[in-house]
Amino acid sequence: MSYATAADLAQRFGKQELAQLADPLNTGEPDAAVLALALADARAEIDGYLQARYQLPLPTVPAVLVRLACDVARYRLWRDRASDEVRRRYEDAIKLLTNISRGVVALGLAEADPAPQPSLASFAAGAERVFGRANTAGY
């Protein structure tokens, strides 16, 4: 499941910017396959943070994840030519995802059951000693 669509990208950043970034054939229209790849990369990156706290796939996509997916996908589309604003939005998205994975920020969804913790060995006192000073006198 993708957190955002090509239509979400176009609504946030404009069709013209997407055509600049994702139109390898210079048709004036963004290539759907290029946008889908950037959105898939964004989803994989987001999942890496969310799986620490939530059962994936999520039952619903919170609006904040749509925004974060768009910012991550946009940064990926710009590659090494990203402006300071694009880079800042990406870094802000990663900070928020880090806080979500640590539980500082919640998505309002049910969290996954915590992984069982390994139990520590324990010792319980049993019956009296079979061999001890009191019952081995003379040996």
Side-chain angles (χ1 to χ4, degrees):
M1 163 196 358
S2 183
Y3 296 114
T5 64
D8 294 325
L9 286 171
Q11 182 180 5
R12 290 178 184 276
F13 309 120
K15 198 172 181 179
Q16 182 178 3
E17 180 178 340
L18 295 181
Q20 285 178 312
L21 299 171
D23 183 16
L25 302 176
N26 293 323
T27 63
E29 294 290 321
D31 187 319
V34 174
L35 295 180
L37 180 60
L39 288 166
D41 289 346
R43 185 200 74 233
E45 193 166 350
I46 291 169
D47 282 351
Y49 288 93
L50 295 184
Q51 69 187 0
R53 189 147 304 270
Y54 296 97
Q55 179 69 37
L56 299 178
L58 298 176
T60 60
V61 178
V64 68
L65 291 182
V66 175
R67 179 179 55 84
L68 297 178
C70 287
D71 286 340
V72 172
R74 182 186 191 200
Y75 178 76
R76 296 288 171 222
L77 287 168
W78 274 103
R79 296 184 185 100
D80 60 346
R81 304 169 295 153
S83 67
D84 289 340
E85 178 212 349
V86 171
R87 180 171 283 107
R88 181 188 50 77
R89 287 177 69 134
Y90 170 76
E91 290 169 352
D92 289 348
I94 296 305
K95 286 178 190 174
L96 182 55
L97 287 167
T98 300
N99 285 332
I100 291 170
S101 73
R102 291 181 180 160
V104 175
V105 176
L107 292 177
L109 302 172
E111 293 187 10
D113 293 331
Q117 298 296 320
S119 62
L120 299 174
S122 62
F123 174 79
E128 291 185 34
R129 290 183 177 185
V130 176
F131 300 101
R133 289 182 188 202
N135 57 5
T136 58
Y139 289 98

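A quick note: this is a predicted structure, and the numbers were derived from the prediction, not measured.
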Quick check: closest heavy atoms across [X] and [Y], and the distance to 0.1 Å?
| X | Y | result |
| --- | --- | --- |
| Ser101 | Arg53 | O-NE, 3.3 Å |
| Ala6 | Leu39 | N-CD1, 3.6 Å |
| Ala19 | Gly28 | CB-O, 3.8 Å |
| Ala22 | Leu77 | CB-CD2, 4.4 Å |
| Ala42 | Ala69 | CB-O, 3.6 Å |

Check against side-chain contact (heavy atoms from CB on, under 4.5 Å), Tyr75 and Arg87: CA-CA 7 Å; Tyr75 178 76; Arg87 180 171 283 107; 4.1 Å; yes
Do [X] and [Y] have side chains that approach each other closer than 4.5 Å (heavy atoms only, starting at C-beta)?
| X | Y | value |
| --- | --- | --- |
| Leu68 | Tyr49 | no |
| Asp31 | Pro24 | yes |
| Leu65 | Leu58 | yes |
| Glu45 | Ile94 | yes |

Applying side-chain contact (heavy atoms from CB on, under 4.5 Å), run through Gln51 and Ile46 and close with a yes or a no. CA-CA 9 Å; Gln51 69 187 0; Ile46 291 169; over 6 Å; no
Could you grab the distance from atom [atom1] of [X] to atom [atom2] of [Y], nearest 0.5 Å is fine?
| X | Y | atom1 | atom2 | result |
| --- | --- | --- | --- | --- |
| Leu18 | Leu9 | CG | CG | 5.5 Å |
| Gln16 | Asp23 | CD | CG | 12.0 Å |
| Glu29 | Leu25 | CD | CG | 12.0 Å |
| Thr98 | Ile100 | OG1 | CD1 | 9.0 Å |
| Arg12 | Asp71 | CZ | CG | 7.5 Å |
| Arg43 | Leu56 | CZ | CG | 10.0 Å |

Would Gln20 and Trp78 count as having a side-chain donor-acceptor pair, cut-off 3.5 Å?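 Checked: Gln20/Trp78 side chains show no N/O donor-acceptor pair below 3.5 Å.
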Step by step, would you call Asp47 with Tyr3 a side-chain contact (heavy atoms from CB on, under 4.5 Å)? CA-CA 10 Å; Asp47 282 351; Tyr3 296 114; 2.3 Å; yes
Is it the case that one hydrophobic cluster holds both Val72 and Leu107, taking links as side-chain heavy atoms less than 4.5 Å apart, direct or via other members?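 Result: yes, single cluster for both.
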Enclosure of Arg79 CZ (heavy-atom neighbours >12, cutoff 6.0 Å):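 Open: at most 12 neighbouring heavy atoms sit under 6.0 Å from CZ of Arg79.
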Closer than 4.0 angstrom, basic N to acidic O: yes or no for Arg88 and Asp84?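 A salt bridge is absent here (no side-chain N lies under 4.0 Å from a carboxylate O).
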Identify whether the distance between the nearest side-chain nitrogen and carboxylate oxygen of Lys95 and Glu91 falls below 4.0 Å.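 Salt bridge flag = no for Glu91 with Lys95.
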Tell me, please, whether Phe13 has Arg74 positioned over its six-membered ring: NZ or CZ under 6.0 Å from the ring centre and within 45 degrees of its axis?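 Because its charged atom sits under 6.0 Å from the ring centre and within 45° of the axis, Arg74 does stack over Phe13.
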Heavy-atom donor-acceptor pair, Asp8 side chain to Thr5 backbone, under 3.5 Å: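 Yes, because the side chain of Asp8 sits within donor-acceptor range (under 3.5 Å) of the backbone of Thr5.
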Steps toward side-chain hydrogen bond (donor to acceptor under 3.5 Å, both in side chains) verdict (Glu85, Tyr90): CA-CA 9 Å; Glu85 178 212 349; Tyr90 170 76; over 6 Å; no
